[in-house]
2 protein chains.
Amino acid sequence: MAGKRSGAQSKRSQRTRSAEQPRHDPALSLERIVATAVELLDAHGIDGLTMRRLADHLGSGAMSLYWHVDNKEKVFDLALDSVLEYRELPETAQSRDWRGEVVHMLQDWRAGMLRHPWSASLLPRRALGPNILRRLELLSRTLSGAGVADADLNVAIWSLWNYVIGATVTRASFDLSDEDMAAAQQRLALVSEHYPTIERSRLLLDDDWDGAFRKGLDFLLDGLAPKY
Amino acid sequence: MAGKRSGAQSKRSQRTRSAEQPRHDPALSLERIVATAVELLDAHGIDGLTMRRLADHLGSGAMSLYWHVDNKEKVFDLALDSVLEYRELPETAQSRDWRGEVVHMLQDWRAGMLRHPWSASLLPRRALGPNILRRLELLSRTLSGAGVADADLNVAIWSLWNYVIGATVTRASFDLSDEDMAAAQQRLALVSEHYPTIERSRLLLDDDWDGAFRKGLDFLLDGLAPKY
DNA sequence: GAAGTTAATCGTACACCGTACCATCAATTA
DNA sequence: TAATTGATGGTACGGTGTACGATTAACTTC
């Protein structure tokens, strides 16, 4: 099988030879493609990204994309990963306040995905991109530095990961159109009837999502590392 | 706008008048449609469900489905919700061992979704179906009965929810084809190089997902309700 | 009975999708 | 100059969701 440029990451790239352009310089590039894909996803949602539309916005023909990208799935992969870049806190100053670091990174994680709600719905079906791995590595290092034993690291990381992903996916699923929101409101009427405890705790009405995320995260960290 | 049978839940149904058939009895029914959709999703994954194929398996024409269902999205909604039915533990015996109850229900939740991996990837974009609400109500009631104050209930529920959803979505995303698994293995080679801490803790290699889920859940419950 | 209404089914058609295949052209290399 | 390669894109194919309208069978009302 294999397309024209399958295998590793294709593209020209390193080859320090000289400061010459590859050939002319190509109209398309992976970077431009991914950036435009993210724009389209932001603007029109996950179903609003089609190869033809993407090509249009890039001023090229649809099939030209396929020289740079194996298929549409890859575009999704790249778009998702591009949203998950993370710049570390400027001054780590040697592991001081590990808890603050963890909270910061996880809040940033969530915030980054919520800025692009489609990313949450993309997540379930994709493997781990490099940026996710980088975040996991960072998290591991921080927890490890805080004294968490290697044997416990696994569970700790997964717990935090699960919490963040779940929170993000959930929050994103509530970012619905006004129409859907109206339907949801309507459903809440039924809720009060059949689900009294939910009603009493105002579970679905309280919209301080960020605060709830932070609080729950604190509880989880309490449970994970009561001794540190 | 509106299709022929929009509005509430359509269908004939209650009307206790007499034990007579609605008309003849229709070849199609919401129940049959949903059940078959779940079969197809189980067998061929999320992209394997098309209206035409669904109709074929039901022995009907594709457009016939649209009398019972507004559109394909609704089929997904119904399929997802149908997977999330829950039978309570037979003998609740008045709130004894609330923690055991919570763990049971959340494990069941996760297990149910993992039995139908497509359900996890469906979740992010759908609103709360009745069965999810029922589970949330149950969870609320149990925690409330265990003494959690109404003010804290909100955060507690969301934390548990987040954890379960995240764990399920993550686990499901690793249920990939053999081919994808091979690619993942290959990526692990790079991991060892660039992500030493991940490598050391064997984060991605340890596959005792169920155990990790249980342990992390315990940690979370420890943090949530240390005093109960 | 007849006539009208409604529940339910489905064939056809349309716009759009991802992408295989192949032709094309510009720049580089020989 | 000729050959090679990087990069682009037109056309076409098989598939999708579903709008529209025709069709039939059962029930309701006279």
Side-chain angles (χ1 to χ4, degrees), chain A residues 1-7 9-13 15 17-33 36-37 40-41 44-77 79, chain B residues 1-13 15 17-33 36-37 40-41 44-77 79 125:
Chain A
M1 301 302 126
K4 27 209 83 172
R5 260 298 73 83
S6 73
Q9 57 269 60
S10 73
K11 283 306 59 39
R12 101 222 38 101
S13 43
R15 174 191 42 153
R17 300 237 280 163
S18 138
E20 72 185 350
Q21 299 302 83
R23 254 164 202 280
H24 192 44
D25 47 10
L28 257 32
S29 72
L30 251 200
E31 291 75 24
R32 286 222 313 131
I33 291 175
T36 310
L40 280 179
L41 285 165
H44 303 106
I46 214 162
D47 295 327
L49 179 67
T50 72
M51 296 304 267
R52 278 177 244 255
R53 179 125 63 147
L54 181 51
D56 276 358
H57 276 245
L58 287 160
S60 76
M63 289 314 293
S64 308
L65 301 173
Y66 286 86
W67 198 91
H68 301 267
V69 143
D70 282 353
N71 48 42
K72 194 188 181 185
E73 292 279 285
K74 279 291 195 313
V75 177
F76 280 134
D77 285 345
Chain B
M1 304 300 129
K4 25 209 86 173
R5 258 299 73 83
S6 72
Q9 55 269 58
S10 72
K11 274 328 36 47
R12 100 221 38 103
S13 43
R15 177 191 40 152
R17 301 235 279 162
S18 137
E20 72 185 349
Q21 298 302 82
R23 252 163 204 280
H24 191 44
D25 47 7
L28 257 33
S29 72
L30 251 200
E31 292 75 23
R32 284 218 319 130
I33 290 176
T36 310
L40 280 178
L41 285 165
H44 303 106
I46 213 161
D47 296 326
L49 179 67
T50 71
M51 296 304 266
R52 278 177 245 257
R53 179 124 66 148
L54 181 51
D56 275 359
H57 276 244
L58 287 161
S60 76
M63 289 314 292
S64 307
L65 302 173
Y66 286 86
W67 199 91
H68 301 267
V69 144
D70 281 353
N71 48 41
K72 193 187 181 184
E73 294 280 285
K74 277 292 192 312
V75 177
F76 280 134
D77 285 346
R125 294 214 278 159

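Letters A, B, ... are given to chains in the order of the sequence lines, protein chains preceding strands, and every chain is numbered from 1.
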- Query: Where along residues 48-63 of chain A does a heavy atom come under 4.0 Å from DNA chain C, residue by residue in number order?
  - Reply: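 Residues of residues 48-63 of chain A under 4.0 Å from DNA chain C: A:Leu49, A:Thr50, A:Met51, A:Arg52, A:Met63.
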- Tell me whether the OP1 or OP2 atom of C:dA8 has a side-chain N or O from B:Ser64 closer than 4.0 Å.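 So the side chain of B:Ser64 is outside the cut-off, no N or O lying under 4.0 Å from OP1 or OP2 of C:dA8.
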- Task: Verify the contact: side-chain N or O of B:His68 to OP1 or OP2 of C:dT9, cut-off strictly under 4.0 Å; return yes or no.
- Result: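 Yes, because at least one side-chain N or O of B:His68 sits under 4.0 Å from OP1 or OP2 of C:dT9.
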How close or far is atom [atom2] of [N] from atom [atom1] of [X], stated in whole angstroms?
| X | N | atom1 | atom2 | value |
| --- | --- | --- | --- | --- |
| B:Asp47 | C:dT19 | CG | C1' | 15 Å |
| B:Arg32 | C:dT9 | CZ | C1' | 13 Å |
| B:His44 | D:dT16 | NE2 | P | 12 Å |
| A:Tyr66 | D:dA12 | OH | C1' | 14 Å |
| B:Glu73 | D:dT18 | CD | C1' | 13 Å |
| B:Phe76 | D:dT16 | CZ | C1' | 12 Å |

- Set of side chain to side chain contact (heavy atoms under 4.5 Å, CB included) partners for B:Arg52, sequence neighbours left out: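 B:Arg52 satisfies side chain to side chain contact (heavy atoms under 4.5 Å, CB included) with B:Thr50, B:Ala62 only.
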- Kindly write out the residues that satisfy side chain to side chain contact (heavy atoms under 4.5 Å, CB included) with A:Met63, not counting sequence neighbours, or none if the list is empty.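 Testing A:Met63 for side chain to side chain contact (heavy atoms under 4.5 Å, CB included), a comparison that skips the adjacent residues, returns A:Tyr66.
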- Item | Listed partners of B:Glu73 passing salt bridge (charged side-chain N to carboxylate O under 4.0 Å, His left out), at least two apart |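 B:Glu73 satisfies salt bridge (charged side-chain N to carboxylate O under 4.0 Å, His left out) with B:Arg126 once adjacent residues are dropped.
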- Item | Distance (rounded to the nearest 0.5 Å) between B:Leu49 CG and B:Leu40 CG |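 The CG atom of B:Leu40 is 6.0 Å from CG of B:Leu49, to the nearest 0.5 Å.
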- Item | Where B:Arg32 and B:Leu58 come nearest, the two heavy atoms and their spacing |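 Smallest interatomic distance, heavy atoms only, reads NH2-O, 3.3 Å.
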- Item | side-chain contact (heavy atoms from CB on, under 4.5 Å) partner of A:Val69, chosen from A:Leu28, A:Asp77, A:Leu30 |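 When side-chain contact (heavy atoms from CB on, under 4.5 Å) is applied between A:Val69 and each of A:Leu28, A:Asp77, A:Leu30, only A:Leu30 qualifies.
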- Query: What's the closest nucleotide to the B:Trp67 side chain, out of C:dG18, C:dT9, D:dT8?
  - Reply: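 Selected nucleotide: C:dT9.
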- Message: As a test of reading the structure: which of C:dA8, C:dG18, D:dT8 is closest to the side chain of A:Lys72, going by heavy atoms?
- Response: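 Looking only at heavy atoms from C-beta outward on A:Lys72, the closest nucleotide is C:dG18.
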